[in-house]
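Please read the structure below before turning to the comments.
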Amino acid sequence: MLQRISSLKEYQTTYKNSIEQSENFWSEVADNFLWKKKWEKVFSGGFEKADYKWFEGGKLNITENCIDRHLEKFGNKTAILWEPNNPTEQNRKISYNELHEAVCQFSNALEKLGIKKGDTVCIYMPMIPELAIAMLSCARIGSIHSIVFGGFSAQSIADRIQDAECKWMITADGCYRGDKPLYLKKIVDEALEKCPSIQKSIVLNRSNFDCNMKADRDVWWSDIMKDCSTKHEAATMDSEDPLFILYTSGSTGKPKGVLHTTAGYMVYSTYTFLNVFQYQPEQIYWCTADIGWVTGHSYIVYGPLLNGATTLMYEGIPQFPDWGRWWEVIDKYKVNIFYTAPTAIRSLEAQGLKFLEGKSLESLRVLGTVGEPINEEAWEWYHKNIGKEKCPIVDTWWQTETGGILISSLAGVTPVKPSFATLPFLGVEPLIVDANGKEIKEIIAEGNLCIRKSWPGQARTVYKDHERFIQTYFTTYPGMYFTGDGCKRDYDGNYRITGRVDDVINVSGHRIGTAEVENAINEHLDVYESAVVGFPHFIKGQGIFAFVSCEPQPKDIILFKQEVLNIVAKIIGPFAKPDRIEIVSGLPKTRSGKIMRRILRKIAEGEFDKVGDVTTLLNPEVVEEIKKKVKG
Ligand code: PRX
C-alpha cells in the first residue's frame, strides 16, 4: 500500500528520508504499481546533460495501472463522472469496467488505422469523457499524445502539429461553452490545411454540428469503433518511453513541446495526488481545470485514475447558466475534494454571496488552488465561504515541466499559511538563489526558486530539441533546475511564490510568453514594433499590456486596436488578447537597441516614480510620453 502521510511528524521524518535516501524512498513508492518487468536502476544521470532517468529497465503500461489493476476489486466503481455544459442534458457515469472496455475498443481502432508505438497524436477535444478515453488509448498502444487546449487557434494547432510531426488527429465536431457554440472541427480543418503530415483525423460527434468530412482524411469515431473488440493487450513500454508532449510558453521563441515519460510521471502523479489531497477511497474529487493544460493531465486524468478515484469532469464554464453552477455541481455529486484556480475564485467572489444561497457544500473536505499566486483576500473568501472554515486549503505550486506538485501543504496534515504554497513535497529539495546564482542559506530568504535534484515526474526534454531544454532550465544556474519563478521563504521554511521572473506572464493561470504576443501583434501591417508586459489585474492576477509603435500611424485608433486583438486571437487564441493597448511614438531602448521592458513594466504597474534612471537610454524622451499616455 502506498504510504499516506498522516501527521506533521511523519511528514518531517519521511521528508528527511526522501532526501537522504532518495533512491530507496522512490523505489518503495514504485513498488506499489503493476510492472511487467521490474526496473534495474532507480535513478541515473544528472542536470548537466539533463540525462536523468528513473526506473530504468522497467517495463509497464500506465493504463494498466490506471484501469486494469482496479477491475478485480472495484470494476463497478465510477471512474469518471461527467457533468455536461447544459444542466438539462443527461450526465454520465463511467465505471472502471466501462472505461476499460472503451479504452480497449478505441485502442484497437487506433491500431487498425495504423497508429503505432512512438507515433505522435494531436488531440483537440471538448471536456468530455472521450477526451480521457482518447489520451488513455494513445498511452495504451504506446503512441504519444499531444493535447492542445480547446481555446487555441488554428494557427497554434498547426504549429504544434508541425513541431511534433503528428500524423494523426483526434477531434470532435464541436461543443457549447455556456450558450456559445465552439466549432472545433472547423478550426481543425483550417489548421490541417497547413499540416500535410496528418494522415487521418478522427472526429467524434458531440453536438450534431455540420461537418465537412474530407474524404480519405476524416473518419468518424463511431465508424472506426464498429467491429473493434473491447479487449486489448496493452503495449509493453519502457519506463523512459515518452508518454506525452505538452506545449508551454517560455521567455523566447515558440512554445516548447515539453516531454514526459512513462514510469516516473506515473509514480509521481499518483503519489502527489494521494498525499497532497489526502485522498480517501470513495471520495469524489473534482478539478475544474481543462485537460488541455498540465493540471488536467496530472490531476483530472492520470493522478486520480492511478489512485482508483472517482474524478469529475465538467464540460462548461463557471457562469453558465449562472454563477452558482459550480456550487450546484458540488452539491449534486457530493464532491469531497475541490481543486481550482485563484482567478476562478476571484471571479466567483466578485459575484457576491447570492449564488451561494441554498447551496450546502457540506460534502467538501479539502480545497485546492493552482496555477498562480493566490492573494490573501481570495484565500480568506474561499476558506470562509466555500470551505466553511473547516476545509484545509492546499496551495499547490508546480509547472508543466514538473509533471506534478512540488510545493504544497498536505491537506490537514502540514500547516497552511495564506498565500504560501508552504513546504516541499517528499523528495523535492527547493533552494533560493540570488541574482548571481549563489544559494541563500539563511532561512528567511528572497530570490529565484531552483530545485536541487531530479524527482520522478520531471520533464525529460523539449521534443526534438534537447539543447533548448538544457539551455532553458539548467544553464542559468548550473547544477540546478531553474523554475523561472521568484519566491520568498519565511522563518518556518514556508515558500511563497511571488511570480515569474522571466518574460512569461500568467494570465488567469494561463502561461503566455510576451514574445509570442509581440510576434502576433507585429503581424499587423501598421505595427512597426511592440513590447508586451504584464500588469496586476484584479481578477486575472496579471493582465497583458501592449505598447505599440506604428508606421504609418493608424487613422482609426479604435479600429486598429480591434484589428490587433483579432490578430492575437487568430494567431494564438482569444485568451491571449491584450487587456490594454497603447500606441506610442517609440519604445524605450538601450544604446545597443534593446527594448527596456523593465521600464515598461513599472509604467504598466502604475509605479511611475520607480522607472529608475533613464538618461542613458537611446531615446529617454519617450518615457515621459508613455507615462503620460498610461496615466491618461
Ligand atoms: O509561475 C508559476 C505559476 O504557474 C507557472 C507554471 O505554469 P504552467 O506550466 O502553465 O502550470 C500551471 C499549473 C501547474 C509557475 O511557474 N504557478 C503555478 N502554481 C502556482 C503558481 N504560482 C503561485 N502559486 C502557485 N500555487
Side-chain angles (χ1 to χ4, degrees), residues 147-149 151-152 244-251 255-260 265 268-269 272-273 276-277 287-300 302-303 339-346 367-376 378-379 382 393-409 416-425 428 430 448-451 457-459 462 472-473 476 481-488 494-514 516 534 540-542 573 575-576:
I147 303 180
V148 179
F149 166 60
F152 276 111
F244 66 84
I245 301 169
L246 190 54
Y247 283 83
T248 192
S249 296
S251 301
K256 297 182 281 285
V258 170
L259 184 109
H260 282 282
Y265 175 84
Y268 199 73
S269 58
T272 46
F273 177 81
V276 170
F277 299 107
C287 166
T288 66
D290 192 288
I291 292 178
W293 305 110
V294 75
T295 306
H297 282 58
S298 301
Y299 299 113
I300 295 180
Y302 287 114
Y339 190 32
T340 193
T343 291
I345 297 168
R346 288 189 292 265
L367 302 177
T369 72
V370 60
E372 42 176 330
I374 179 161
N375 49 310
E376 277 191 47
W379 194 99
Y382 195 36
I393 297 179
V394 290
D395 175 352
T396 64
W397 173 83
W398 59 295
Q399 309 176 301
T400 304
E401 296 87 339
T402 70
I405 296 163
L406 290 200
I407 303 182
S408 168
S409 53
V416 293
K417 181 168 176 180
S419 80
F420 280 72
T422 73
L423 299 173
F425 190 72
V428 174
N448 290 346
L449 179 64
C450 294
I451 311 290
Q458 187 173 18
V462 166
T472 310
Y473 303 106
T476 319
Y481 167 76
F482 176 43
T483 63
D485 279 319
C487 104
K488 292 182 182 175
N494 291 309
Y495 288 84
R496 173 189 187 146
I497 314 301
T498 48
R500 302 288 304 194
V501 292
D502 52 8
D503 288 323
V504 170
I505 33 191
N506 192 327
V507 183
S508 305
H510 297 158
R511 199 166 139 177
I512 298 170
T514 51
E516 279 173 76
K540 300 179 182 183
Q542 275 192 302
F575 63 91

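All ligand and atom numbering here is 1-based and tracks the order in the structure. Given the structure is predicted, the values throughout are model-derived calculations rather than measurements. Nothing fancy with the numbering, it's 1 onward along the sequence. Worth knowing before you read on, the calculation uses all heavy atoms, side chains too, and leaves out hydrogens, waters and symmetry mates.
Closer than 4.0 angstrom to ligand 1 sit non-hydrogen atoms from Val294, Thr295, Val370, Gly371, Glu372, Pro373, Asp395, Thr396, Trp397, Trp398, Gln399, Thr400, Asp485, Ile497, Arg500, Asn506, Arg511.
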Under the side-chain contact (heavy atoms from CB on, under 4.5 Å) criterion, do Phe420 and Ile374 qualify, and how do the steps go?
CA-CA 8 Å; Phe420 280 72; Ile374 179 161; over 6 Å; no
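Glu401 and Thr248 form no side-chain donor-acceptor contact under 3.5 Å, judged by distance and modelled atom types alone. For the residue pair Thr396/Ser408, the side-chain donor-acceptor check at 3.5 Å is not satisfied. For the residue pair Trp379 / Asp395, no side-chain donor-acceptor distance below 3.5 Å is found, with atom types taken as modelled. No donor-acceptor contact under 3.5 angstrom links the side chains of Tyr473 and Thr483, judged on distance only.
Within the 3.5 Å criterion, the main-chain N or O of Tyr265 finds no donor-acceptor partner in the side chain of Tyr302.
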